[in-house]
Colleague: 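Before I ask anything, here is the structure I am working with.
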Amino acid sequence: HVMKDTFEQGLAARPFKEQFPELSDTEAQKLDKVNEAITTLYFAGILSHARLITVRDKNFPRLVSKAVSQARKEKGEKK
């Protein structure tokens with residue numbers, strides 16, 4: 001399932017706690033680290049540009065969506 005919310009990712013992204021205040025500090029920090037790692041792996045030449053696009057367009061949004069949905073469920077919020 002794809003997120004209805006848009007979010008910032010990459011070098012210029014605001015911290016996830018700022019983008020989604022409903023996330024726990026731990027979950028937000030984890031997403032920040034994953035976001036940073038994706039960029040680091042790309043600049044290190046470990047992720048190809050094609051793979052980066054897949055990760056940024058599909059894999060990472062799926063992870064963020066899961067985390068935000070779970071946080072909203074726990075807080076009793078509805079989309």
Side-chain angles (χ1 to χ4, degrees):
H1 110 315
V2 178
M3 268 190 89
K4 289 185 184 115
D5 299 298
T6 58
F7 66 94
E8 298 170 18
Q9 56 179 319
L11 280 176
R14 291 176 295 137
F16 275 89
K17 187 69 180 179
E18 205 176 292
Q19 296 188 62
F20 298 102
E22 62 269 33
L23 289 171
S24 69
D25 290 348
T26 306
E27 198 60 36
Q29 286 168 355
K30 185 178 102 177
L31 292 174
D32 287 337
K33 284 179 184 171
V34 172
N35 181 49
E36 190 179 323
I38 293 165
T39 302
T40 301
L41 291 171
Y42 175 67
F43 283 126
I46 295 168
L47 272 183
S48 67
H49 184 71
R51 185 72 187 125
L52 175 73
I53 291 168
T54 302
V55 169
R56 289 278 185 217
D57 289 352
K58 292 192 179 105
N59 305 110
F60 193 48
R62 206 173 295 134
L63 183 69
V64 172
S65 178
K66 233 190 253 184
V68 172
S69 293
Q70 187 61 40
R72 288 178 178 168
K73 236 182 262 173
E74 287 169 10
K75 295 198 184 223
E77 294 178 19
K78 298 281 181 221
K79 272 191 171 180

Colleague: Before you tell me yes or no, could you show the steps for Tyr42 and Phe60 under ring-ring contact (aromatic ring centres under 6.0 Å, His included), namely the whole-Å CA-CA distance, both residues' side-chain angles and the distance that decides it to 0.1 Å?
Modeller: CA-CA 14 Å; Tyr42 175 67; Phe60 193 48; over 10 Å; no
Colleague: For residues Val64 and Phe20, determine if any side-chain heavy atom of one lies less than 4.5 Å from a side-chain heavy atom of the other.
Modeller: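 Of all side-chain heavy-atom pairs linking Phe20 with Val64, at least one is under 4.5 Å.
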Colleague: Would you compute the distance between atom OG1 of Thr54 and atom NE2 of His49 and round it to the nearest 0.5 angstrom?
Modeller: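 It comes to 10.0 Å.
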Colleague: Is a donor on one side and an acceptor on the other found under 3.5 Å between the side chain of Gln19 and the backbone of Glu8?
Modeller: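 Here the side-chain-to-backbone pair exists.
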Colleague: Check whether more than 12 heavy atoms from other residues, nucleotides or ligands sit under 6.0 Å from atom CD of Glu36, and answer yes or no.
Modeller: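 No.
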Colleague: Distance-only, no hydrogens or angles: does the Ser65 side chain make a donor-acceptor pair with backbone N or O of Pro61 under 3.5 Å?
Modeller: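 Checking the backbone N and O of Pro61 against the side chain of Ser65, no donor-acceptor pair under 3.5 Å is found.
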Colleague: Just to verify, what does Lys17 make a side chain to side chain donor-acceptor pair (under 3.5 Å) with, not counting sequence neighbours?
Modeller: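 With sequence neighbours excluded, Lys17 shows a side chain to side chain donor-acceptor pair (under 3.5 Å) to Asp25, given in chain and number order.
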Colleague: So which atom in Ile38 and which in Leu47 form the shortest heavy-atom distance, rounded to 0.1 Å?
Modeller: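 In terms of heavy atoms, the two residues are closest at O-CD1, 3.8 Å.
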Colleague: Report yes if some heavy atom in the side chain of Leu23 is under 4.5 Å from a heavy atom in the side chain of Lys75; otherwise report no.
Modeller: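 No, every pair of side-chain atoms sits at 4.5 Å or beyond.
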Colleague: Just to verify, what does Asn35 make a side chain to side chain donor-acceptor pair (under 3.5 Å) with, not counting sequence neighbours?
Modeller: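 With neighbours one apart ignored, the set is Arg56.
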Colleague: Atom CD in Glu74, atom OG in Ser24: separation rounded to 0.5 Å?
Modeller: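 Reported to 0.5 Å precision, the distance equals 7.5 Å.
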Colleague: Just to verify, what does Asp57 make a side chain to side chain contact (heavy atoms under 4.5 Å, CB included) with, not counting sequence neighbours?
Modeller: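 Asp57 satisfies side chain to side chain contact (heavy atoms under 4.5 Å, CB included) with Ile53 only.
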Colleague: Any salt bridge between Glu27 and Lys30, counting N to O under 4.0 Å?
Modeller: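 Here Glu27 pairs with Lys30 in a salt bridge, since their nearest N and O are under 4.0 Å apart.
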